[in-house]
Amino acid sequence: MRLLPWTIYLSLAGAMLSLAAGRRSAAAARWVALGTAAAAWGLVLAAATGFSPSALPQTLVDLEWIPSMGGRYHLAADGISMTLLVLTGLAATAGILFSWNIGERTGEFFAFYLTLIAGVYGVFLSADALLFFVFYELAIVPKYFLIAIWGSTNREYGAMKLALYSFAGSALVLAGLLWAYATGGAHSFALADLASAAARFPAGQQVAMFALVFFGFAVLAGLFPFHTWAPTGHVAAPTGASMLLAGVVMKLGAYGCLRVAMPLFPAGLAFWQPAIAWLAIIGILYAGLVALVQDDCKFVIGYSSVSHMGFVMLGLAAANPRAVAGAVLQMFSHGVIAGLLFAVVGRMVYDRTHTRRLEDLRLLALYRLLPFAATVFVIAGLASMGFPGFSGFPAELSILMGAWQASPLWAAAAALGVLIAAAFTLRVVQLTFFGKSGDGESPARSGTSEASADAAWLLRDRETQARSAALSPITWPERAGAILLISAAVVIGLKPDLLLNWIVPSLQSPLFRAVIKGGAP
Amino acid sequence: MTACPILSIAIFAPWAGALLLALVPRASPALSRALALVASLSTLLAGFSAIARFDPNAAGYQLVERHAWVSALNAHYCLGLDGLSLVLVLLTGIVAPAGLLASWRQPREVRLFGILYLVLQGCALGVFLALDFFHWFLFWELSLIPAFFLIKLWGGPGASRAAYQFVIYTLAGSAFLLLGFVALFVASGSLDFDELSRLAATGGLSNRLAALGGFWPKAVFLGVFLGLAVKVPLFPFHTWLPPAYAEAPAGVSMFLTGVMSKMGVYGFLRILWPIFPSEIHAAATPLLWLALGGVVLGAFAALRQRDLKRMIAYSSINHVSYCLLALFAVAAGPLKSAAVASSALGGAILQMFNHGLSASALFLCVGVLEARGGGRRGIGDFGGARSAAPVFAGLCGIAMFSSIGLPGLNGFVGEFLIFRGVFGIVPWAAATACMGVLVTALFYLTFWQRVFHGPRAGVSAGAFPDIAGADRVALAILVALMFLFGIAPQLLVGLFNPLVTAWAGGLPTP
């Protein structure tokens, strides 16, 4: 456990080493980056084996930092942090594998990448609000550069929009935190201290402070209507960055809501709960419907991320142990699945076909040219739909159960989102990979000529062979990354207790008990 | 539990076969087919060993395997067997290998076909054996994937569209089913079918659901009902079926009609009825009308079909609706005696099994016709096939008569018991359903007459070899079983009669 803070330091060191290695060769930079990310993940997994879940976070480091403000360098981890740390390591490693083909300024790419990872590890480990905020900001800067330099569609606009929205959100958070700090007079930024001070604030103040902090974090979580940066930014970003952004960085926002906003201002949550729930539900449904009509497959995935994060926010809003546990599990699950989806669409398809338009892809019948990619995309699609057997199912089930406990109408509306997700997922899978066989349906007459059907198959085979020569084969880093992510989705799908056994006890902590109420019926 | 986990083995054996098929480096088509067939036959073996350990007179589930799975959701890995599931396991064990034999000469991507087929078989067994919603829903949904690909990749020209329609319909229904169980879990804290039914029997479940609002028990019932109704399919949620069955390749259609349609009826018997007894009773009359719609309109629709596969598909809707007719009649009441109820319910179970046999045999026959006809399967494309292929004509005729319900063949017993039961409860429904029987006889006899009788014409005028090889073996076995279970239905009835008697005994009689 004591090793966990080293994930941060290792990532930062790796960033600098990557930069240096990049001057020698791109390959050196890649291997340094992969080694660092894998090592950091290895530390997390090692800590995980020895981790015994308890209600209170276990302090790892607690040093004086800024005595004049009462800010301490205080790192701690509980079950929720552990879950998200495992996700970060996994997404980082997979993201680097899928960025193996970055050839330009490779060292700088991985330097920014690892700095972003370091910031993310820091956020998940912080127990001091000021430190939390610093790491949160640290994570924003590399995002801009990753998108602006190595991105694709509309990259400068996408990068700017993403960065500005993130800064705006964190400005709101800072305002709320400073207000609470000043009013509380406790001269400490420790989350526990702020919480006990804030408990004495009048309800009206809590409501206002909660609004600032929660909605500030919710911007990064992609809560409707603050979500518009997400599809643009994720589409613009290079594959490895999209995987990380949609997979992990959006979770920073939700984590902030859970870890900071909710325990500090319970009265605020009580006031805003219906509004947040309905915004989350609108996000689920609206983003899903928008995904259904997109022509660019990466936009479909971008909007699907907003829709899935809506489930997370609904789980948080329902504020009972089952819903929140489901929300944290969904954070993990969606992180893995979004990574898979962006990897296929960005790395496996776009880097080869140079088009993301569904109108173009449907003519290519890619399932014959890229069977591995097709298989991975089908699996990722099923996982994204919340299909049983994958991690999304227990997560969404838990959220639905918790939402029903709070209000059956919320659960019913959210279940509609599951249906819409199935629809847009099937559509994007069908059009991206299985295009040609979808067309050419003759009206059902009393029979067709099987002879001509055979001929069509044969012809398609010859065309296929000619075309597949033009598409480069799937490389080993892509295979490794895909297998890694799919395994995670399946393992947690079949044995969600592995994570739930960490998450559920953490929700018993005194900080949460004031705001997350309502046990088993 | 030191006993051998037969039920887990039954489910995992076909999956192990699929895995083996996937991993063997260079499997020739012949090896793939053989391996798939062996793995598929494992179900029959498991079924027989289950029979050896099964005591029909014992109450409750047997060979139970129950382990904690997701503690946060109180979900368990729970498998169990009673008379109803045993019959369906046996049915799967017979129909699945028969479907593989019917696909013996299918040349495309033999290995992938085998893998998907075996995965589908395992999923179907899982549905019939799982007793915890989390576990059961896994199999229920998972079965859609192999079915989708089997239809889409090996089917006819409209296969893609049919496959999508099938999947989307079923997923939509499943979303309602899922929400219903979310509500049931919140109300009861359990996902176990047995616990839920015990809670429902005391009325406690309805009370807890009603705590949120008076209409919720009915809404939750409706949700679960929709999810199951789409799968059966119950009229009017049946429109996905004819395209799916018609476009699928012969072996897959056999499995779809033989086994997958029973998943829906099983769901009604295992889930909907035990957990919502009072809601089903309240809704019984509209439900009876829906079942009758399936019976009568299904039969009339079959009569109008030119495409033989669609004809059998609509006939499937008709036959499966008899099972639901029986259930809804029993739920409607009032029951004059328990014997009437046990007759209806026993008939429903028997009909599930027998229809599985006869419908898959008929799809096999139409598959043979289609193969001989180079893809054509219209009723007008053949003529006088009897003189060209006498063995085939004979076997096909027997299958048709079984489906019509001729005494002496297996189809008769189930239908007879159902009618006897339903006449005793809601005679008007039984009278209306008789129309279904008449029209069924009409279209099958028309099929026989136009395709097999008279002068050789159309496809049969040319080279029309008699049925041979794997097709012949499969059809012969199915027909033999039709005779066996027609003459000695006791072989099956003995397995589930005590169960049905117990069900009937628990019902209110004035």
Side-chain angles (χ1 to χ4, degrees), chain A residues 321-322 325-326 329 367 378 382 385-389 393-394 396-398 400-405 407-408 411-412 414-419 422-423 426-427 430 434 437-454 457 493-497 500-501 503-504 520-521, chain B residues 68-75 107-108 134 137-142 144-145 149 152-153 156-162 164 167-168 171-172 175-176 178-179 181-183 185-189 208 212-213 216 219 223 243 246-247 306-308 310 370-371 373-381:
Chain A
R322 190 158 286 126
L329 191 60
Y367 78 98
V378 168
L382 291 172
M385 286 196 273
F387 216 76
F393 177 63
E396 286 182 5
L397 187 60
S398 202
L400 285 174
M401 287 171 176
W404 186 282
Q405 253 178 278
S407 162
L416 196 56
V418 173
L419 259 182
L426 283 174
R427 176 180 174 264
Q430 145 82 343
F434 296 92
S437 16
D439 309 342
E441 34 204 45
S442 31
R445 298 164 303 169
S446 52
T448 51
S449 167
E450 193 168 2
S452 68
D454 272 347
W457 263 91
L494 294 177
K495 192 100 182 92
D497 266 358
L500 287 172
N501 283 343
I503 300 172
V504 173
Chain B
W69 190 358
V70 184
S71 43
L73 301 174
N74 197 19
R108 286 179 348 216
F134 191 84
F137 196 65
L138 179 70
F139 293 118
W140 178 263
E141 292 284 89
L142 215 53
L144 293 179
I145 308 172
F149 284 109
K152 184 181 160 65
L153 297 177
S160 194
R161 195 193 148 103
Y164 274 107
V167 163
I168 289 175
L171 281 180
F176 286 104
L178 184 65
L179 197 60
F181 266 91
V182 163
F185 178 79
V186 173
S188 66
R208 289 196 211 179
L212 297 163
W216 280 116
E247 297 296 337
R306 309 282 92 208
D307 177 337
L308 289 173
R310 278 182 173 251
E370 193 178 2
R376 286 148 64 192
R377 53 177 194 251
I379 198 169
D381 290 328

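When the candidates A:A414, A:P496, A:S407, A:P408 are compared by the number of heavy-atom contacts under 4.5 Å with chain B, A:P408 comes out ahead.
Contact check for B:S71 versus A:N501: side-chain heavy atoms found under the 4.5 Å cut-off. For the pair B:V70 and A:K495, the minimum side-chain heavy-atom distance is 4.5 Å or more. Inter-residue side-chain proximity for B:F181 and A:L397 is flagged as unmet; no heavy-atom pair is nearer than 4.5 Å. Under the 4.5 Å side-chain criterion, counting only non-hydrogen atoms from C-beta, A:Q430 is in contact with B:K152.
For A:V418, no part lies near chain B; criterion is any non-hydrogen pair under 4.5 Å. In this structure, the portion of B:Y164 lying under 4.5 Å from any heavy atom of chain A is its side chain and not its backbone. Using a 4.5 Å cut-off between heavy atoms, B:L73 touches chain A through its side chain atoms alone. Of the atoms belonging to B:L138, heavy atoms from both backbone and side chain fall under 4.5 Å from chain A. At a 4.5 Å heavy-atom cutoff, B:W140 makes no contact with chain A through either its backbone or its side chain. Proximity to chain B is limited to the side chain of A:L382, based on heavy atoms less than 4.5 angstrom apart. Both the backbone and the side chain of A:A412 come within contact range of chain B, judged by heavy atoms closer than 4.5 Å. For a residue to count as touching a neighbouring chain, one of its non-hydrogen atoms must lie under 4.5 Å from one of that chain's; by this rule A:L500 touches chain B with the side chain only. With a threshold of 4.5 angstrom between heavy atoms, A:A422 approaches chain B through side-chain atoms but not through N, CA, C or O.
With sequence neighbours excluded, the residues that form a ring pair (Phe, Tyr, Trp, His ring centres under 6.0 Å) with B:F134 are A:F393, B:W69.
In terms of heavy-atom proximity, B:V186 sits nearest to A:M401 at CG2-O, 3.4 Å. The two residues A:A415 and B:L179 make their nearest non-hydrogen contact at CB-CD1, 3.7 Å. Counting all heavy atoms, side chain and backbone alike, A:L400 lies closest to B:V182 at O-CG1, 3.5 Å.
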> Does the side chain to side chain contact (heavy atoms under 4.5 Å, CB included) test come out yes or no for B:F185 and A:R322, once each step is laid out?
Replying inline: CA-CA 12 Å; B:F185 178 79; A:R322 190 158 286 126; 3.5 Å; yes

